Amino acid sequence: MAVCTVYTVQALSSSCSISSPTKTHMGLSPKQVLFYNNSGKKTKSGRFRSGEITCSGDTIVIGLAADSGCGKSTFMRRLTSVFGGAASPPKGGNPDSNTLISDTTTVICLDDYHSLDRTGRKEKGVTALDPRANDFDLMYEQVKALKDGVAVEKPIYNHVSGLLDPPELIKPPKILVIEGLHPMYDERVRDLLDFSIYLDISNEVKFAWKIQRDMAERGHSLESIKASIEARKPDFDAYIDPQKQYADAVIEVLPTQLIPDDNEGKVLRVKLIMKEGVKYFNPVYLFDEGSTVSWIPCGRKLTCSYPGIKFAYGPDSYFGHEVSVLEMDGQFDRLDELIYVESHLSNISTKFYGEITQQMLKHSDFPGSNNGTGLFQTIVGLKIRDLFEQIAAGKGAVSLEASKA
Ligand SMILES: Nc1ncnc2c1ncn2[C@@H]1O[C@H](COP(=O)(O)OP(=O)(O)OP(=O)(O)O)[C@@H](O)[C@H]1O
Ligand SMILES: O=C(CO)[C@H](O)[C@H](O)COP(=O)(O)O
């Protein structure tokens, strides 16, 4: 059982009980306490002065780091779908909330911990990527509280107005995903993560995606897109990119090697870099675990038009860590034939034969569904479900033991 002290905490889950309700914390006033049962229904409320609470803390915390416009939302939609059910913003709340809630998962966007609003950043001459524009103390306190099973009042950064809006209540979910620029930047927050992912989009590809979205959908000019990427680059290199060394899984997106001097960024070479030795996470492999494999699946069972498809798999080293790397270059012509590739992959944590193919077909309209980005995001989603189920099973066994004692 974890022991936590209430600071900004507003509500407790039913798994928490106040162990020393009369002990006050300096400078804190009495707060309203709400108790929820496991279905999220309020069961009772009361007032107390801050003190120590013992919590069972069933929430697992996943960190997803990437620059803006690098596919975090798309990944989150795939992850939520693996657990079944759609995610939506908190009901009746701020229409500009960045939070997405489903039965199992709550995804919070770390932009909500910007300590400087748009004007404040402009006045101080800092970007949103700069740690000085973010409140890591509050991020740590609130992620820790949620992990301990305690609800929090989280601020909202409004991307429409560029202002910090009044906070919203976030109750502890089964799986909390913290996505954004800095989930692994602060050591205290990093230590709270049960699993972490970094989306590493190469500059060429990032540029192609930005043009596609910001020019086609948002009416920005090519020059302004180039200028915005250039302006962010020093801070991206200093504060965002280094986080990939801490990630348990990295999805790296590069230009294809199948088309010489390709600069269109449409055909992609995608690597899934998986750290070895991570608890509850067994890396996926192709054909034979630990071997080095190169595979061109095109032929009778997989239709491939130019430039074809190439897979690779093998052991490697990444920032001094032993990793396994699965790579796919090229794109699928027919998603229903993905089952052929799926049947050659192992340790994919599916619940039935063809689950990856089914997920990919279900979301064939999501960006990246015909290439390694969609395939590897789906696989990581399945691995997170597996990790969650293993941790939950472990906790169940511990409480059964405790109830017998
Ligand atoms: N796998 C992909 N293949 C091709 N394009 C992609 C892919 N993933 C994302 N994109 C492009 O990037 C855009 C941004 O994707 P998404 O909204 O998922 O990113 P994000 O990181 O959540 O962005 P932001 O932080 O700005 O909200 C999409 O609209 C699409 O144009
Ligand atoms: O890097 C970002 C993460 O999404 C945004 O640029 C940052 O949050 C600032 O947002 P805005 O440009 O809407 O003021």
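Only heavy atoms go into these numbers, but all of them, side chains included; no hydrogens, no water, no symmetry mates. When a ligand or atom number is given, it counts from 1 through the structure's own listing order. Predicted model only: the values in this text are computed from it and were never measured. Numbering of residues begins at 1 and proceeds along the displayed sequence.
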Between [options], which one has a non-hydrogen atom sitting closest to [atom]?
atom                    : options              : value
atom 15 (O) of ligand 1 : G71, A66, A208, S73  : G71
atom 23 (O) of ligand 1 : G374, S68, G180, G69 : G69
atom 7 (C) of ligand 1  : F75, W209, F376      : W209

Run through D148, V143, D186 and flag the one making a side chain to side chain contact (heavy atoms under 4.5 Å, CB included) with L192.
-> V143

Using 30° and 60° as the class boundaries, would you call the ring planes of [X] and [Y] parallel, tilted or perpendicular?
X    : Y    : result
H344 : F287 : perpendicular
H114 : Y157 : perpendicular
F136 : H182 : perpendicular

Working for side-chain hydrogen bond (donor to acceptor under 3.5 Å, both in side chains), residues Q377 and T74 = CA-CA 9 Å; Q377 287 177 4; T74 311; 5.8 Å; no

Qualifying residues under ring-ring contact (aromatic ring centres under 6.0 Å, His included), relative to F195, sequence neighbours excluded = F281

Within the 4.0 Å heavy-atom shell around [X], which atoms of ligand 1 are there?
X    : result
K72  : 18 (O), 19 (O), 20 (P), 21 (O), 22 (O), 25 (O)
G368 : 1 (N), 2 (C), 3 (N)
Q212 : 31 (O)
C70  : 19 (O), 20 (P), 21 (O)

What is the distance from atom CD1 of I384 to atom CG of D386, rounded to the nearest 0.5 Å?
-> 11.0 Å

With heavy atoms and a 4.0 Å threshold, my read on which part of T74 contacts ligand 1 is both

Show your working on side-chain hydrogen bond (donor to acceptor under 3.5 Å, both in side chains) between E168 and T99 and close with a plain yes or no.
-> CA-CA 9 Å; E168 62 187 356; T99 302; 2.5 Å; yes

Using the ring of F83 (Phe, Tyr or Trp, six-membered ring only), decide whether R385 places NZ or CZ under 6.0 Å from its centre and within 45 degrees of its axis.
-> no

Are K147 and T59 close enough, and set up right, to give a side-chain hydrogen bond (donor to acceptor under 3.5 Å, both in side chains), and what steps lead you there?
-> CA-CA 5 Å; K147 192 174 169 104; T59 298; over 6 Å; no

Assess whether side-chain hydrogen bond (donor to acceptor under 3.5 Å, both in side chains) is satisfied between Y113 and Q142, documenting all intermediate values.
-> CA-CA 10 Å; Y113 293 100; Q142 297 205 333; 2.8 Å; yes

Which residue holds the protein heavy atom closest to atom 13 (C) of ligand 1, what is that atom called, and what is the gap in Å?
-> R213 CD, 3.9 Å

Check: every ligand 2 N/O to protein N/O pair under 3.5 Å:
from, atom 1, to, atom 2, distance (Å)
ligand 2, 1 (O), R232, NH1, 3.1
ligand 2, 1 (O), R232, NH2, 2.6
ligand 2, 4 (O), D111, OD2, 2.7
ligand 2, 6 (O), R232, NH1, 3.1
ligand 2, 8 (O), D111, OD2, 3.3
ligand 2, 8 (O), H114, NE2, 2.7
ligand 2, 10 (O), H159, ND1, 3.2
ligand 2, 13 (O), R118, NH2, 3.0
ligand 2, 13 (O), H159, ND1, 2.7
ligand 2, 14 (O), R118, NE, 2.8
ligand 2, 14 (O), R118, NH2, 3.4
ligand 2, 14 (O), R121, NH2, 2.9
ligand 2, 14 (O), Y157, OH, 2.6

Using distance alone, decide if ligand 1 has a nitrogen or oxygen within less than 3.5 Å of any nitrogen or oxygen in T373.
-> yes

